[in-house]
Amino acid sequence: MRRSPGPPATAVVSSSARNQARARTTGRPAICTLAQAEEVLELRRLFGSPDYFVRVAVTDLPAYEAFLSRRVMTIPRIKNVTSHFTMKTVKPGP
């Protein structure tokens with residue numbers, strides 16, 4: 001099944017990490033390396049659980065699967081990942 005061209009799919013990803021893995025060279029949490037990924041629109045560290053909120057834009061679900069496998073799941077100590085895709089925008093944000 002081919003997908004017709006259109007706007008990219010936006011996913012909201014929440015993630016928890018064990019012991020906040022640190023990047024070897026910077027001392028920052030390793031998940032901060034996601035900030036350089038072109039798919040990442042927004043990356044936030046949260047109080048409580050989950051630890052991180054990431055908003056990503058991809059062309060389709062296979063692209064999201066590749067992003068998740070290649071970028072997110074390779075980060076040391078990622079405990080779990082929950083993804084949400086928008087079904088319908090009821091009220092757009094600013």
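With sequence neighbours excluded, the residues that form a side-chain hydrogen bond (donor to acceptor under 3.5 Å, both in side chains) with E42 are R44, R55. Take F67 and apply the ring-ring contact (aromatic ring centres under 6.0 Å, His included) test, not counting sequence neighbours, and it matches no residue.
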With a cut-off of 3.5 Å and sequence neighbours excluded, list every side-chain donor-acceptor pair involving residues 80-94.
residue	atom	partner	partner atom	Å
N80	OD1	S16	N	3.4
S83	OG	Y64	OH	2.3

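Residues E65 and R70 are not in side-chain contact: their nearest non-hydrogen atoms beyond the backbone lie 4.5 Å or more apart. Counting heavy atoms from C-beta on, the side chains of V54 and V40 come closer than 4.5 Å.
The main-chain N or O of R71 is found under 3.5 Å from a side-chain atom of T74 such that the two form a donor-acceptor pair.
Summarising the geometry of S15 relative to P50, their closest heavy-atom pair is O-CB, 3.5 Å, with the distance given to 0.1 Å.
One distance of note links CG of L46 with OH of Y52; it measures 9.5 Å at 0.5 Å rounding.
Hydrophobic clustering, with ILVMFWY side chains joined whenever heavy atoms are under 4.5 angstrom apart, groups V56 together with M73.
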